[in-house]
Structures are given as structure tokens and as C-alpha cells.
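What follows is a single structure, written as C-alpha cells, with notes after it.
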Amino acid sequence: MWILELAFTAAPERLAARAQHRRRLAALHADGVVRMAGPFADDEGALIVVEAADRRTVDELIAADPYFTTPGVAVTRIRQWHPFLGAPSR
């Protein structure tokens, strides 16, 4: 699993692009790729948990979604994560 951390600014382009981005995340969630996603309570960023085999796959997911290059959105960190509680069994 991978965690993507995002940071937001007040750029109006971000809010304009958000609905399409959320639809894409919902479709990826239905496919089992996105496990969880959502903004932080202060709306200064978000966290996305992704099921992916490797970093290249995560990078491809990011490249396929224009939201990640929208003004006001920055991917600040990508980390591989190995949960042991609440993790799906494989």
C-alpha cells in the first residue's frame, strides 16, 4: 500500500477541478485501487491510500489525473506503507 500526502492552497482552480478528481477516485475505489481518500479537517491538504504493487504504478496513477498538477494542489509526499492492523488479508 502507498500513502499520498497532498497540500492545498486557496487557488480557485483546485476547487473547480475537485469534482472530477473525486469521481475518478470513486471509480478507483470501486476497482479496489484507492482504499481511502479525503481532505484533512482544515482543508489544507488530503491523504489518499492506494493499493499498488510499486512506485511506478503510483506515479502512473498520479500522471493520469490532472488534479495533481492543478494550481493549488501539490503532492508533498509518497510513502510505501505496511499496515498490520485493519489491513486486508492477502
(message) Distance to the ring centre below 6.0 angstrom and angle to the axis at most 45 degrees; does that hold for R14 and F8?
(response) yes
(request) Look at the side-chain heavy atoms of Ile, Leu, Val, Met, Phe, Trp and Tyr, link any pair under 4.5 Å apart, and say whether V34 and M1 land in one connected group. (result) no
(request) To the nearest 0.5 angstrom, please state how far the CD atom of E44 sits from the OG1 atom of T9. (result) 10.5 Å
(message) Testing the basics here: between A64 and P66, what is the closest heavy-atom pair and its distance to 0.1 Å?
(response) O-CD, 3.6 Å
(message) Within the 4.5 Å heavy-atom criterion, are V33 and T57 side-chain neighbours or not?
(response) no
(message) Check for me, please, whether F40 and V49 land in the same ILVMFWY cluster - side-chain distances under 4.5 Å, paths through other members count.
(response) yes
(request) Could you tell me whether a side-chain N or O of W2 sits under 3.5 Å from a main-chain N or O of A52, the two making a donor and an acceptor? (result) yes
(message) Tell me if the CD atom of E13 is crowded by more than 12 foreign heavy atoms within 6.0 Å.
(response) yes
(request) Measure the spacing between CZ of R77 and CG of L6 and express it to the nearest 0.5 Å. (result) 13.5 Å
(request) State plainly whether one hydrophobic cluster holds both I78 and L47, where clusters connect Ile, Leu, Val, Met, Phe, Trp and Tyr through side-chain heavy atoms under 4.5 angstrom apart. (result) no
(request) Give the C-alpha distance, both sets of side-chain angles, the deciding distance and a yes or no for side chain to side chain contact (heavy atoms under 4.5 Å, CB included) between L28 and D65. (result) CA-CA 11 Å; L28 290 169; D65 187 340; over 6 Å; no
(message) Within the 4.5 Å heavy-atom criterion, are I48 and F68 side-chain neighbours or not?
(response) yes
(request) Compare every heavy atom of G72 with every heavy atom of A11, then report the nearest pair and how far apart it is. (result) CB-CA, 3.7 Å
(request) Would you check, one step at a time, whether the test side chain to side chain contact (heavy atoms under 4.5 Å, CB included) holds for Y67 with R22? (result) CA-CA 9 Å; Y67 186 75; R22 285 183 172 181; over 6 Å; no
(message) Please report the interatomic distance CG(D31) to CD(E51), rounded to the nearest 0.5 Å.
(response) 13.0 Å
